[in-house]
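Just so you know, these numbers come straight off a predicted model, no measurement behind them.
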Amino acid sequence: MLVELDRSAREPLSLQLERALRDGVRSGSLRPGTPLPSTRALANELGISRGLVVAAYAQLGAEGYLRLGRNAPPVVASGVGAAAETRALDTAPEWSHNLRPDLPDYGAFPRSEWLKSYRAALRSAPDRELAYGDVRGSAELREALVAYLGRVRGVVGEPEHTFVCSGFAQAVSLIGAVLVRSGRKRIAVEDPAHAAIREIVARSGLEPVAIPVDAEGIDVDALVAAAPDAVLVTPAHQFPTGVVLAPRRRAQLLAWAEETNAFVIEDDFDSEFRYDRPPVGSLQGLMPERVLYCGTASKTLAPTLRLGWIVAPGELVWPLVEQVLYTVISPPRLEQRAFTDFLLRGELDRHLRRMRLRYRRRRDVLVRELERQLPELEVRGLAAGLYVEAVLPEGMEEARVLMEARARGVALSGMAEHCARAMREPALLLGYAVAPEPSLRRAVTVLAEAVRAAP
């Protein structure tokens, strides 16, 4: 048996033998079912005492690598052996021109102000704040959030009904699991909608039902006909069409929810960025006991913060408490204390004012460059959010343009990538938040080359 022992090494011979046999099983050179030499035979072969071999076999038997039996040779146990081949995860590519429609300017994150808030949070945190704490999150942050959301979005809620979570994705996952446990099975999702949303919903256990979106928002008549148990909507600024849910449909949607005892999940992901007029108020403020309000700091500050929140109806508070308790136990708290300080010092308001001006300038630059270099594209969408929709001319293939643009280092998205069943005009979704004005001009030049190259 091929085992090498180094008698000059400081490691004991028994440990060397254990390691050699263990590595042989792990690497696959000793396959399951392979009989090993008897303790006496292996000791004679290696020139060591039989007691060392007995000890090594016993340890590997205890670990499950060997199957030991009386008056029988040791055998390599089944179910052990070579580990699966390591699979490297694909890393995000480094794009030369970043026009992703779903990213804010994370480079503008107010590091010094956040650091000041984080230091203050760490200094002032009592010892009890380093324990698990309330599963809903920091009481101080929940109070600050309720006051802020009531002031800027018309949200009606109480700190006791508010949950802090790790971004919108976790919020939807928590809500979906609670709805499933209550016996609800189907949830309506706008079509088109961000491609990740349908997958997040489906993984929560709910069946997503695609409901078309038109110029007035989600088609409530189609929603009523589908008869789901809940609906996920983006009424203030729909992604990716950019439309606002019309007043008539807002009323229809809430009436349907009240009549059918259904829940509305309101995704208010970028309502802070409206450049020509104030945004419409939240749906939740009109019917707090039927609407779950979800917000996030991912679009206002940076996705890496993983800070989101839910303002829930009273009947769902305890089910959500249990869902958090038995999945994540408690959300991270030091970041919450920092965000509380950041919010109460007015830093979020100041940051948003700066970013509205910046994004408006960048949007104007992008639109002008598209008109100058790609006049055949029709720019649509409100003066809001982080992107524009650029409709391709008739006969041009969206997939081919995306391929040509990405091959040239342009990060962007296409309308069809976010459609479940909806049939919409081929269009590009072009973000202007990440790139400065000169970079936007260069990106449109490269995009124009890609469009010309596509048949």
Side-chain angles (χ1 to χ4, degrees), residues 101-102 149-150 152-156 168 172 187-194 197-198 201 208-295 299 311 313 356 363 378-391 415 418-425 427 429:
D102 54 356
L149 294 172
V152 302
R153 299 298 298 124
V155 170
V156 176
F168 176 73
V172 172
I187 181 170
V189 180
E190 296 168 327
D191 188 15
H194 198 293
I197 296 297
R198 287 189 296 273
V201 166
V209 180
I211 304 296
V213 171
D214 60 24
E216 294 188 329
I218 192 169
D219 185 339
V220 181
D221 290 336
L223 172 69
V224 172
D229 302 303
V231 59
L232 173 60
V233 292
T234 51
H237 184 225
Q238 203 273 336
F239 182 93
T241 65
V243 301
V244 175
L245 187 61
R248 177 179 62 87
R249 290 196 180 173
R250 287 165 67 93
Q252 280 183 299
L253 177 62
L254 294 176
W256 166 80
E258 182 71 13
E259 291 169 5
T260 62
N261 199 35
F263 286 107
V264 177
I265 303 169
E266 179 177 9
D267 178 9
D268 201 30
F269 69 100
D270 71 350
S271 61
E272 294 91 346
F273 301 123
R274 187 76 184 261
Y275 312 122
D276 57 353
R277 69 197 72 178
V280 295
S282 71
L283 275 178
Q284 189 270 356
L286 301 174
M287 196 172 286
E289 287 306 306
R290 295 258 57 90
V291 181
L292 295 101
Y293 179 89
C294 298
K299 298 297 187 289
V311 183
R356 287 188 195 104
R363 185 184 187 278
E378 179 188 352
V379 176
R380 293 180 185 171
L382 299 172
L386 307 173
Y387 66 96
V388 299
E389 177 189 2
V391 179
M415 179 64 73
H418 301 285
C419 293
R421 294 183 301 180
M423 299 296 293
R424 301 187 67 90
E425 296 168 282
L429 304 175

Looking only at atom types and distance, does a side-chain atom of [X] sit under 3.5 Å from a main-chain N or O of [Y], one as donor and one as acceptor?
| X | Y | result |
| --- | --- | --- |
| E425 | M415 | no |
| R153 | P279 | no |
| E266 | Q284 | yes |
| R421 | A210 | yes |
| R356 | E272 | yes |

Test ring pair (Phe, Tyr, Trp, His ring centres under 6.0 Å) applied to H237 - qualifying residues, sequence neighbours left out: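 Result, ring pair (Phe, Tyr, Trp, His ring centres under 6.0 Å) vs H237: Y387.
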- Message: Strictly by ring-ring contact (aromatic ring centres under 6.0 Å, His included), give each pair with a member in residues 248-277 just once, sequence neighbours left out.
- Response: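 Non-adjacent pairs meeting ring-ring contact (aromatic ring centres under 6.0 Å, His included): F273-Y359.
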Heavy-atom pair of closest approach, residues [X] and [Y]:
| X | Y | answer |
| --- | --- | --- |
| S282 | R250 | O-NH2, 3.7 Å |
| P208 | V201 | CB-CG1, 4.2 Å |
| V264 | A257 | CG2-CB, 3.8 Å |
| P192 | T241 | CG-CG2, 3.8 Å |
| A226 | V209 | CB-CG1, 4.2 Å |
| I211 | A188 | CG1-CB, 3.6 Å |

Could you grab the distance from atom [atom1] of [X] to atom [atom2] of [Y], nearest 0.5 Å is fine?
| X | Y | atom1 | atom2 | answer |
| --- | --- | --- | --- | --- |
| H418 | I197 | NE2 | CD1 | 10.5 Å |
| F239 | L429 | CZ | CG | 5.5 Å |
| D267 | L283 | CG | CG | 11.5 Å |
| Q238 | D214 | CD | CG | 10.0 Å |

Is there a side-chain contact between [X] and [Y] (heavy atoms, below 4.5 Å)?
| X | Y | answer |
| --- | --- | --- |
| V280 | P235 | no |
| R249 | I218 | no |
| V388 | R380 | no |
| P313 | L292 | yes |
| H194 | T234 | no |
| V155 | D268 | no |
| L223 | L253 | yes |
| L254 | R290 | no |

Worksheet item: Can you name the one residue among V213, D219, L245, L232 that meets side-chain contact (heavy atoms from CB on, under 4.5 Å) with E190?
Response: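 Among the candidates, only V213 passes.
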